[in-house]
J.: 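Take a look at the following structure, please.
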Amino acid sequence: MKHVISPLDLSVEELDHILALAEKMYQNPERYAHLCEGKKLATLFYEPSTRTRLSFEAAMMNLGGKVLGFSSADSSSAAKGESVADTIRVISSYADICAMRHPKEGAPLVASQYASIPVINAGDGGHNHPTQTLTDLLTIKSLKSSLDNLTIGLCGDLKFGRTVHSLIRAMIRYKNVKFVMISPDELRIPDYLRTEVLDKQGISYKEVNVLEPVMPELDLLYMTRVQRERFFNEEDYIRLKDSFILDAKKMKYAREDMLVLHPLPRVNEIATEVDHDPRAVYFKQAQFGVYARMALITNLLGLDGDLSC
Ligand code: NCD
């Protein structure tokens, strides 16, 4: 039995296999419509979510399976003081697989240690978000045709943004990937990522705090929201929240084939006028999220053995 808690829980080969399956599912969803009949997915969400929870649920339904779960800690026994370990022991007898989002870093890892079903981390605090990364990789691979030789701009809240942390860890395994990190000084990537991951593996990156001059270098610009819920005080959030706003004027500096990604939800960091630019692919990215999760569920349930993908 396999769990996906960090993006590194999937080898490059497994990832390539899941992405190839997701692409097939995207092209021909009917073929997979009964694959998970009789199976149940539990979505245990202790923190708010729209896309991640609903895309997990849509994914399981598209595969013919059923879903159960809760969408806030208040409506679960966590409000009575139940531990994640006890909850997952019980859920293991109700469902075949589970996706868990939790505000505490490491909670899905703890759950996986007590579970007898596969546990998927659907976001743990400011730490990791492997299925968003799968979504991002599927989007990049489908629209850029390769995950190699890319210069990726990461912009916004690089300190608390878990999608960025997971994306960096996943992308450094591909050839000749470079990062340009664009953030205010206070929201730079955590030290452990800089020293333990980027420096240690000799990855090329630079950190800047102005967007326009680096725009022409980028193949991808990954915008992120300033993560209000992880700030210790509201004043800092207000000061930093509008540090970067991508608008049509700034898009003029970008290459014709640069893609703009965003895990969503968007607050202010991308002006709505950019939505009409063909390079803005964040809504498409959200759509890919369903297929990425369909492929992952299928793989973790061991149902992809006889699918030639
Ligand atoms: C992201 C998250 O939850 O980390 N959203 C998502 O899963 N699509 C990004 C965010 O909340 O800013």
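Atoms within a ligand are numbered from 1 in the order they appear, just like the ligands themselves. Just so it is clear, the values below take in all heavy atoms, side chains as well, and ignore hydrogens, waters and symmetry mates.
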J.: Quick one: do Glu217 and Lys206 make a salt bridge, cutoff under 4.0 Å?
T.: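 Counted as a salt bridge, because a side-chain N and a carboxylate O are separated by less than 4.0 Å.
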
J.: In terms of side-chain geometry, is the basic nitrogen of Lys24 or Glu30 positioned less than 4.0 Å from the acidic oxygen of its partner?
T.: no

J.: Which atoms of ligand 1 are found less than 4.0 Å from any heavy atom of Gln132?
T.: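 It comes down to these atoms of ligand 1: 6 (C), 7 (O), 8 (N).
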
J.: Does ligand 1 have an atom that lies less than 4.0 angstrom from a heavy atom of Glu47?
T.: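 No.
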
J.: Can a salt bridge be assigned to the pair Glu234 and Arg228 using a cut-off of 4.0 Å between side-chain N and carboxylate O?
T.: yes

J.: Verify the ring-centre separation between Phe70 and Phe45: is it less than 6.0 angstrom?
T.: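 No, the ring centres sit 6.0 Å or more apart.
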
J.: Specify the protein heavy atom at minimum distance from atom 3 (O) of ligand 1: its residue, its atom name, and the distance to 0.1 Å.
T.: Arg162 NH2, 2.9 Å

J.: Run the salt-bridge test on Glu235 and Arg239 with the 4.0 Å N-O cut-off and return the result as yes or no.
T.: no

J.: Please report whether ligand 1 has a polar contact with Thr163, defined as an N or O pair separated by less than 3.5 Å (distance criterion only).
T.: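 The answer is no, given that Thr163 and ligand 1 share no N or O pair closer than 3.5 Å.
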
J.: Give me the residue, atom name and distance of the protein heavy atom closest to atom 7 (O) of ligand 1.
T.: His129 NE2, 2.7 Å

J.: Run the ring-centre check on Tyr205 versus Phe179 and record whether the distance is less than 6.0 Å.
T.: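 Between Tyr205 and Phe179, the centre distance exceeds or equals 6.0 Å.
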
J.: Taking only non-hydrogen atoms of Pro265, do any sit less than 4.0 angstrom from ligand 1?
T.: yes

J.: Of all the non-hydrogen atoms in the protein, which one sits nearest to atom 5 (N) of ligand 1, and at what distance?
T.: Leu264 O, 2.9 Å

J.: Closer than 4.0 Å to some heavy atom of Arg225 - which atoms of ligand 1 meet that?
T.: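 Matching atoms, with element in brackets: 10 (C), 11 (O), 12 (O).
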
